[in-house]
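We name chains A, B, ... by the order of the sequence lines, and we start the count at 1 in each one. Quick caveat: nothing in here was measured; it's all calculated off a predicted structure.
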There are 4 protein chains.
Amino acid sequence: MSGNTIGTLFCVTNFGESHGPAIGCVIDGCPPGMALSEADVQHDLDRRRPGTSKFVTQRNEADAVEILSGVYEGRTTGTPIALLIRNTDQRSKDYGNLTETFRPGHADYTYWRKYGIRDPRGGGRSSARLTAPTVAAGAVAKKWLREKYGTTFHACMTQLGELPIGFESWDHVPNNPFFAPVADVSALEDYMNALRKRGDSCGARLRVVATGVPAGLGEPIYDKLDADIAHAMMGLNAVKGVEIGAGFASVADYGSTHGDALTPEGFVGNKAGGVLGGISTGQDIEVSVAIKPTSSILIPRPTIDANGAPTEVITKGRHDPCVGIRAAPILEALLALVVMDHALRHRAQCGDVQHRVPPIPAAAPRG
Amino acid sequence: MSGNTIGTLFCVTNFGESHGPAIGCVIDGCPPGMALSEADVQHDLDRRRPGTSKFVTQRNEADAVEILSGVYEGRTTGTPIALLIRNTDQRSKDYGNLTETFRPGHADYTYWRKYGIRDPRGGGRSSARLTAPTVAAGAVAKKWLREKYGTTFHACMTQLGELPIGFESWDHVPNNPFFAPVADVSALEDYMNALRKRGDSCGARLRVVATGVPAGLGEPIYDKLDADIAHAMMGLNAVKGVEIGAGFASVADYGSTHGDALTPEGFVGNKAGGVLGGISTGQDIEVSVAIKPTSSILIPRPTIDANGAPTEVITKGRHDPCVGIRAAPILEALLALVVMDHALRHRAQCGDVQHRVPPIPAAAPRG
Amino acid sequence: MSGNTIGTLFCVTNFGESHGPAIGCVIDGCPPGMALSEADVQHDLDRRRPGTSKFVTQRNEADAVEILSGVYEGRTTGTPIALLIRNTDQRSKDYGNLTETFRPGHADYTYWRKYGIRDPRGGGRSSARLTAPTVAAGAVAKKWLREKYGTTFHACMTQLGELPIGFESWDHVPNNPFFAPVADVSALEDYMNALRKRGDSCGARLRVVATGVPAGLGEPIYDKLDADIAHAMMGLNAVKGVEIGAGFASVADYGSTHGDALTPEGFVGNKAGGVLGGISTGQDIEVSVAIKPTSSILIPRPTIDANGAPTEVITKGRHDPCVGIRAAPILEALLALVVMDHALRHRAQCGDVQHRVPPIPAAAPRG
Amino acid sequence: MSGNTIGTLFCVTNFGESHGPAIGCVIDGCPPGMALSEADVQHDLDRRRPGTSKFVTQRNEADAVEILSGVYEGRTTGTPIALLIRNTDQRSKDYGNLTETFRPGHADYTYWRKYGIRDPRGGGRSSARLTAPTVAAGAVAKKWLREKYGTTFHACMTQLGELPIGFESWDHVPNNPFFAPVADVSALEDYMNALRKRGDSCGARLRVVATGVPAGLGEPIYDKLDADIAHAMMGLNAVKGVEIGAGFASVADYGSTHGDALTPEGFVGNKAGGVLGGISTGQDIEVSVAIKPTSSILIPRPTIDANGAPTEVITKGRHDPCVGIRAAPILEALLALVVMDHALRHRAQCGDVQHRVPPIPAAAPRG
């Protein structure tokens, strides 16, 4: 019932604080015999890494991962895989002034109310830094799913603050610091430069897609595939909304136009987002998330201290003016962890997937 | 790892099919000593019950609940509470024509792909009827939370298809078949009548609020309070989107205006929706969900049969033209189940809530 | 984390009290497509049923099981299977005198200390009657394992009170009320008659064996196959000891003679009891359990009441002079539930069993 | 459902292989605010440490533990506590000859059958070395239980091979390498010396006792306190039998003499071993375990290789001639982990223990 574990069969237990000795996770349930090395995990960690552009925190962390267990002669053994990332760039003094005040929009107040004690250094447990182990575990899940089913995961930014971002091609995503699927990001750069000049922060909207997910993954009630996806996404720092497929646009739609028709060539459209009745259809899993503005800003905010007395707080230190900018690899990892878990759950109850009937060809992935 | 169980300490295991002998659930983990009778559970079941207006399915189910265990001389004993609801109005012939075709937007295809077998009668396991046990279990959670912390739950419809619904007062909600917080629902009635004449269906948007939730409920990572809320909500039939607090409106907001400031009198505003860092603040928990149009409509839709051959399907039988209309009590129940579970989780690790520090008065509940 | 659930993938949630309206269970995770009817479950229930001989309680319960869900047209659908058994022969007055006193050896005192309330009727939740749902669920697991792997389960009594019972043949077990593997049970009958004349009770030792368990089932640490077997067995009413294979005889053994040698023809002997390092070898799983004497006897015992004042108690009502006599079908069911759960766990992580290497022929099952 | 996790609320996830880079565990669910340092954990690790006498393996491991998370300024924060132990003395060449053969009594064969791959270095995951993280986690549980309830844990050896060991006093246990509760251990030394001269190994019997366990801990069915204790104990390497209280001696006992009578001064005797109906009575928890002889011996044993061809194997390397000798601290840790978990489970459902009724004074702990 560990609150810091995600997954039921592909279990990832996350540990660590932003400025403690180390962060990491233990993956239990990984199938044996898969080739795995630090390099396989490091790639996605580097995509999430801070300090890669002037639009993200300048904290300089190598985020070098060490595999402590579960791999023998380059292959997974089926035993727990422990992944360790040492914290190297800790400037706790940056946060000294925060031990007695609660930053608006932060977890300071709630941790204090829950535990009666909190590690204030760099946000402690509630720091976005704790997404690194999630990304590392997701890389393991991605690799297995790709090799087993050819499943792939892609995420991109679809809106930065007030700026909607069109979709041109996935190919552009790795070529700009915003994970934007467009060739020209100058408008986004101007927007962020103005924002930073003001010492303010903004929100973002991202989209994450899984292609090649076998049909039949998910549970009938409660642990539906989309329910677990929503759990994973909403569990990410700063996420305030989650949509599957057509999402909130479904409200003003009609039954005669919403349900994706089936044809011998596959589904017509994907308003369902690849999930019907909580179970995957074989189409793309389509998810969209809303990320709130970073709470750590240089503009003074009214707050109170631990005694309830009014005061003001400015969050110094090195923060992302938009945490959404580095979120794409994390969303891919979270979606991969959920799909992986349900792939194993399906195998437990029903045996290997797609063994029973010829799949209906899925409609072409939406741009 | 039961896929049909929700909760980790207040565990509700749901069973049954729409046209099988019975539906129900087993609640394990309920605290002992609470007065509980069938009447306590029946009230919410009646609020969800079909056949109560011309705008919902005319299926006539008493949904009479029987407590099979866990209660002795009118008090919970701490042992599992089994709740049984017999299915009485089964017209399986209505569905005979659906055994060989997949209804667009339905779980027919995915169940068939997952299990290789499905109970087609009334949608079998994927029928909205299976929300009744959830409502029954939620009634137990609501009662304990109300008696222990004074927590209350309210849900209402905020949009019906293309019609936004303003908020006048919670008092109106019980007085109209739409659970709308407004006095005059004639526009909603006209909208639904036109819709039914066309044999079509529409979506809806609902809002659910928990007031009086103790501060400090939730886990740091993965099993955050809002993550579990999203899991519960997205796990409800037809839900395609979930928002906490400001939700998707957060994307275009700024850090300087988004984070709810703290004052000695409490928080200023509640864009966080009552959750910071995955842990409750003591403010109202504010959730909004998007419900897609009912897939079961009288308008013919193109589809395929089990052999992949093209065909057409019309869904006869008795269906809700908008499943959102009866969703309010279900959303309250789901939110109550999540809050209940985290209340017990908090008590396990940290002892009884609000024992440590004087709470900051929460801002007045939003209308 | 439901305390009344056994299994992680083949999850059985047990509910009910001895003299409440009904008892039963919900099985979640059963593979789809298996033929299943009430008759498949009733057979083992009848083997456990009271009133079948003068050596067991004369309570007369039909223990007729009803399948409420999870089966369509005679086949499992993969959705939860709810099994219901109505209580018919309730004589609560028999127990009226026990509401204020704690019977030595009973759960009266501990339930009262844990919950502050208890259902005293027939022992309430702690009655051996609650093993019926376990037996019912075990029958489902047995059927799947037999059809999938040819696994079979047998249990017999090996000692009754002070009387050791030799092993002649499994064939004798169904032919006497003691589940004894011998042709002549007159000595056992005399022993029990003398015991009943004294109004006393005795203990028993039983052995349960699983044949045809695939190799490779179990987890490396903590959730070892034998650990989960011990959990299941010790969780049965009145069990005070569990052995795997050579059990306590291992203490005085030596490494040079204990470890079962391997030969091309298979293992030589089975002191391991079919489990090495927590994982099945493919040999018979051999388990032995100690059952304490029934605590409900007609001989007065000193005790205290709820106020702590000294008193005496005699347990009237209809009780088994040796609960071990009806335990054999329960032990088979428990062992089947554990093997089933690990079979599904193995399939989740490693795919279907015995797919990788030619099995070493297991040594012939011990008598 | 992580197979390498023990506990449901005080969750310990164990990772590592005997000769990998490191071993350790993550504890999730520890209550916040408890003083905790490496020294608190190191003490029990040192009691289990190899190389402390000529009767245990000469492998020289400092077993120095590092706390990676969950502790801030010397106090637990309520977030996961990761404990790391680096492996320093690895002589993998000692085991080179074992990659192709299956040692009788070892997990070699079963791991190979389960995973199709195994880490043979030092027994890999199945090495007794992996009990170190369990001991470390147990030390945390012991500390909390001692400070909260005054609960203490003691284990000792009661039989070494064929030599029964009487009980004189707990005070002797720390003063001899056998954890024997007697002043003179010369007979044990002679026995072990003769054994080692033969290159053989022997079994052992140990007893572990918890004193000051609150009444009311445990679940009614399946997850009984004694069931979870049996799970924990049988999950320990080489354990083949577990007894609670009178254990197997209960078989030949009678109801009139077995049930522990209650008096205003407390229970008379403790044949129940501190558990009735799966729930603690407040008396000492009494557990006894059987440990088989070490399988790693210098005497040649017949076996087969991965191709099924007959061969012989001698286990060189540094092994314990009796693994029971170092088992006492491990048994204490396992019992503490189970009691801790149920203490938190009780608190979740019923609130803090012993809050409801004046406890009946428990009988004096048995010597």
Among S69(B), G24(B), G33(B), P31(B), who wins on heavy-atom pairs under 4.5 Å with chain C?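 Maximum pair count with chain C is reached by S69(B).
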
Best-contacting candidate, G78(B), G16(B), P80(B), against chain C by heavy atom pairs under 4.5 angstrom: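 The option with the most such pairs is P80(B).
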
Walk me through it: do D226(B) and K224(B) pass the test salt bridge (charged side-chain N to carboxylate O under 4.0 Å, His left out)? CA-CA 5 Å; D226(B) 42 356; K224(B) 294 181 173 183; 6.0 Å; no

Sort [X] into side chain, backbone, both or neither according to what part of it lies under 4.5 angstrom from a heavy atom of chain B.
X: E73(C); answer: neither
X: R125(C); answer: side chain
X: I23(C); answer: neither

Donor on one side chain, acceptor on other, E17(B) and T79(C), under 3.5 Å: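 Yes, because at least one side-chain N or O of E17(B) sits under 3.5 Å from a partner of the opposite role on T79(C).
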
Do D305(C) and T101(C) have side-chain atoms, one donor and one acceptor, less than 3.5 Å apart?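 No, T101(C) and D305(C) have no side-chain donor paired with an acceptor closer than 3.5 Å.
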
State whether the side chain of N4(B) and the backbone N or O of T13(B) hold a donor-acceptor pair below 3.5 Å, judged by distance alone.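 Between the backbone of T13(B) and the side chain of N4(B) there is no qualifying donor-acceptor contact (under 3.5 Å).
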
For L84(B), is it the side chain, the backbone, both, or neither that has a heavy atom closer than 4.5 Å to a heavy atom of chain C?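 Only the side chain of L84(B) comes within 4.5 Å of chain C.
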
Name the orientation class of the two ring planes belonging to F102(B) and Y109(B) (parallel below 30°, tilted from 30 to 60°, perpendicular beyond 60°).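 Answer is perpendicular, since the angle exceeds 60°.
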
